[in-house]
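Encoded as C-alpha cells, the structure appears first; notes follow it.
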Amino acid sequence: MAEVNYRHELVGAFGDPIDENPTGIMMEAAFEALNLPWRYQLLHVVEEALPDAVRGVRALGFQGFNCTIPHKVAVMRHLDDIAPDARLIGAVNTVRREGNAFIGENTDGKGFLRGIREDAGLDPAGKRIVVLGAGGASRAVTVELALAGAAELIVVNRTVQRGQQLAQHLNDKTDTTARFRPWSETLVIPNDVDVLVNATSIGLYPDVDAMPDVDLSHARDDMLVCDAIPNPPETPLIKTAAARGLPTLNGLSMLVYQGVTAFKMWTGQDPPEDVMKSALQQAFGL
Ligand SMILES: NC(=O)c1ccc[n+]([C@@H]2O[C@H](COP(=O)([O-])OP(=O)(O)OC[C@H]3O[C@@H](n4cnc5c(N)ncnc54)[C@H](OP(=O)(O)O)[C@@H]3O)[C@@H](O)[C@H]2O)c1
C-alpha cells in the first residue's frame with residue numbers, strides 16, 4: 001500500500017509589496033504539471049519582520065524561498081552560507097535548503113544570461129554592452145555578463161555614486177573592463193554598442209508609459225535591446241527598439257529562466273519550462 005502523506009513541501013517569496021508578484025503562477029503550474037506535492041506562497045514580509053520571517057520558515061521546514069524588494073541584500077546576514085556568484089553580486093534572490101542550512105543564491109543574472117543566449121541567440125563574450133541602472137537587477141546582470149566574458153560594460157545610472165561603485169566593483173572583481181557614464185541628459189547610443197540592457201524600473205507597472213531617456217537613432221542595425229522589466233513585457237523601450245527594426249528581448253525571458261533555475265535548485269527536478277512560460281504569458285494576457 002502507498003504511504004499516506006497529505007503534507008506539502010513549502011516554498012514562497014518574501015517581499016513588500018508582494019501581491020502582484022507573478023512568480024507563484026509559474027511555480028504552481030510547474031508543480032501541478034509534474035504532480036509534485038509542493039506549494040508556493042506569496043508572503044508579505046515588511047522590512048522589520050525579515051529576521052522573524054526567516055526564523056519562521058526555518059521552523060516550518062520550508063525548502064527555500066525567493067526574496068524581492070526590499071530583502072535581497074538584508075536577507076544575506078540571516079543565512080548559513082552564500083554561493084560565490086551571489087556574494088559577488090551582493091544580493092540573494094533565491095534561498096535553498098541543504099540539510100538544515102539555508103544557502104543564498106542569485107538566479108536573476110543567470111536567468112538573464114540564459115535568455116540572451118537562448119532566446120536572443122547572442123553570446124555576450126567579447127561584446128560591448130551598455131547597462132542602464134545600478135540597482136540589484138543591474139548588479140546581477142552585469143556580474144554574470146562579466147563572468148560570461150563581456151569585453152566592456154558601460155554602466156549608466158542617474159545616481160552617480162551608485163553607478164561609480166558598481167563599475168569599480170566590476171573592474172576590481174572580474175576580468176571585464178567597466179566604466180561609468182552619468183545619465184544627466186539623453187543618452188545617445190553610439191554604433192559600436194552590441195547590446196543595450198534596461199535594468200532600471202523605468203517602464204515598470206504601473207508606470208507603463210515611461211521610457212528611459214535614450215536615443216537609438218545612431219545604434220547599429222543589429223544592436224540587441226533587452227529589458228529586465230517583465231510587467232508589462234512590451235515596454236516603451238522594447239516597442240521603440242522594435243519600431244526602429246532592432247532585435248529585442250523582453251523581461252519575461254529573464255523571469256522564466258530565473259524561476260526555472262530556482263525550481264531545479266529546490267526540487268532537484270527538471271522543470272517543465274514550456275508550462276512555466278505559458279502560465280506567465282496567460283497571466284499577462286499574451
Ligand atoms: N525579469 C526579471 O526576472 C527581473 C528580476 C529582477 C528585477 N527585475 C526588474 O529590474 C528592475 C530594477 O529592479 P532592481 O531590483 O534593480 O531595483 P532597484 O535596486 O531599486 O534599482 C532601480 C534602478 O533604477 C533606476 N531608476 C529608477 N527610476 C529611475 C528614473 N526615473 N530615472 C533614472 N533611473 C531610475 C535607479 O537609479 P538610481 O540609482 O539613480 O536610483 C536604479 O539604478 C525592475 O523593473 C524589476 O522589475 C526583473
Side-chain angles (χ1 to χ4, degrees), residues 13-18 20-27 47 66-75 86 89-94 105-116 119-120 130-145 153-167 169 180-187 197-214 226-238 248-263 273 276-277 280-281 283-284:
F14 290 7
D16 178 27
I18 195 69
E20 70 281 11
N21 188 301
T23 310
I25 290 167
M26 65 174 165
M27 293 296 180
E47 203 167 353
N66 286 134
C67 279
T68 183
I69 292 169
H71 304 307
K72 286 186 179 180
V73 176
V75 75
I89 290 164
V92 158
N93 80 324
T94 301
E105 300 270 0
N106 195 308
T107 68
D108 281 338
K110 290 186 185 77
F112 175 77
L113 208 55
R114 189 168 161 206
I116 204 170
D119 294 353
V130 172
V131 180
L132 308 175
S138 175
R139 290 183 72 90
V141 163
T142 51
V143 163
E144 295 293 349
L145 285 171
L153 290 168
I154 300 136
V155 175
V156 179
N157 200 50
R158 176 182 58 181
T159 305
V160 170
Q161 197 192 11
R162 210 173 179 195
Q164 275 173 338
Q165 276 172 355
L166 177 53
H169 179 71
F180 168 68
R181 257 209 65 169
W183 199 4
S184 44
E185 55 189 31
T186 304
L187 180 76
V197 184
N198 177 34
T200 73
S201 40
I202 303 169
L204 181 67
Y205 179 88
D207 209 3
V208 297
D209 294 326
M211 163 84 186
D213 190 9
V214 294
C226 310
D227 206 322
I229 292 176
N231 183 16
E234 298 302 304
T235 57
L237 176 65
I238 291 284
T248 61
L249 178 70
N250 72 34
L252 275 186
S253 154
M254 177 176 173
L255 183 65
V256 169
Y257 292 133
Q258 63 80 28
V260 158
T261 310
F263 185 100
E273 296 182 6
M276 294 171 81
K277 230 178 249 183
L280 272 183
Q281 282 168 341
F284 287 120

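Just follow the structure's listing: the first ligand is 1, and inside any ligand the first atom is 1. All residue numbers in this chain count up from 1 along the given sequence.
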Give yes if a backbone or side-chain nitrogen or oxygen of [X] is under 3.5 Å from a nitrogen or oxygen of ligand 1, and no if not.
X	value
Pro230	no
Gly133	no
Ser138	no

Looking only at protein heavy atoms, which one is nearest to [atom], and what is the separation?
atom	value
atom 16 (O) of ligand 1	Ala137 N, 2.7 Å
atom 37 (O) of ligand 1	Asn157 OD1, 3.3 Å
atom 42 (C) of ligand 1	Arg162 NH1, 3.5 Å
atom 1 (N) of ligand 1	Ala228 O, 2.8 Å
atom 19 (O) of ligand 1	Gly136 N, 3.0 Å
atom 27 (C) of ligand 1	Ser201 OG, 3.4 Å
atom 47 (O) of ligand 1	Leu204 CD1, 3.6 Å
atom 31 (N) of ligand 1	Arg158 NH1, 3.5 Å

Is there a side-chain contact between [X] and [Y], using heavy atoms and a 4.5 Å cut-off?
X	Y	result
Pro22	Asn231	no
Leu166	Phe180	no
Tyr257	Asp119	yes
Met211	Ile202	no
Val131	Ile154	no
Leu237	Val214	yes
Gln258	Lys110	no
Glu234	Asn250	yes

Short list, please: which atoms of ligand 1 are under 4.0 Å from a heavy atom of Gln258?
-> 3 (O)
Nearest-option assignment for atom 21 (O) of ligand 1, heavy atoms, candidates Gly109, Gly135, Pro212 = Gly135
Lys/Arg-Asp/Glu bridge criterion (N-O < 4.0 Å) met for Lys72, Asp108 =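 Looking at Asp108 together with Lys72, the answer is yes, because their closest N to O distance falls below 4.0 Å.
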Under-4.0 Å salt bridge between Glu273 and Arg114 = yes
Backbone, side chain, both or neither: what part of [X] comes under 4.0 angstrom of ligand 1, heavy atoms only?
X	result
Ala199	backbone
Leu132	neither
Thr200	both
Met254	both
Thr159	both
Ile202	side chain
Lys72	side chain

Run through Thr261, Asn66, Thr107 and flag the one making a side-chain hydrogen bond (donor to acceptor under 3.5 Å, both in side chains) with Asn93.
->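 Exactly one option meets the side-chain hydrogen bond (donor to acceptor under 3.5 Å, both in side chains) with Asn93, and it is Thr107.
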Would you please test Val92 and Glu105 for side-chain contact (heavy atoms from CB on, under 4.5 Å) and show each step?
-> CA-CA 5 Å; Val92 158; Glu105 300 270 0; 5.9 Å; no
Indicate whether any N or O donor in one side chain lies under 3.5 Å from an N or O acceptor in the other, for Asp227 and Asn198.
-> yes
Could you tell me if any non-hydrogen atom of Gly111 lies under 4.0 Å from any atom of ligand 1?
->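 Outside the 4.0 Å threshold, so no.
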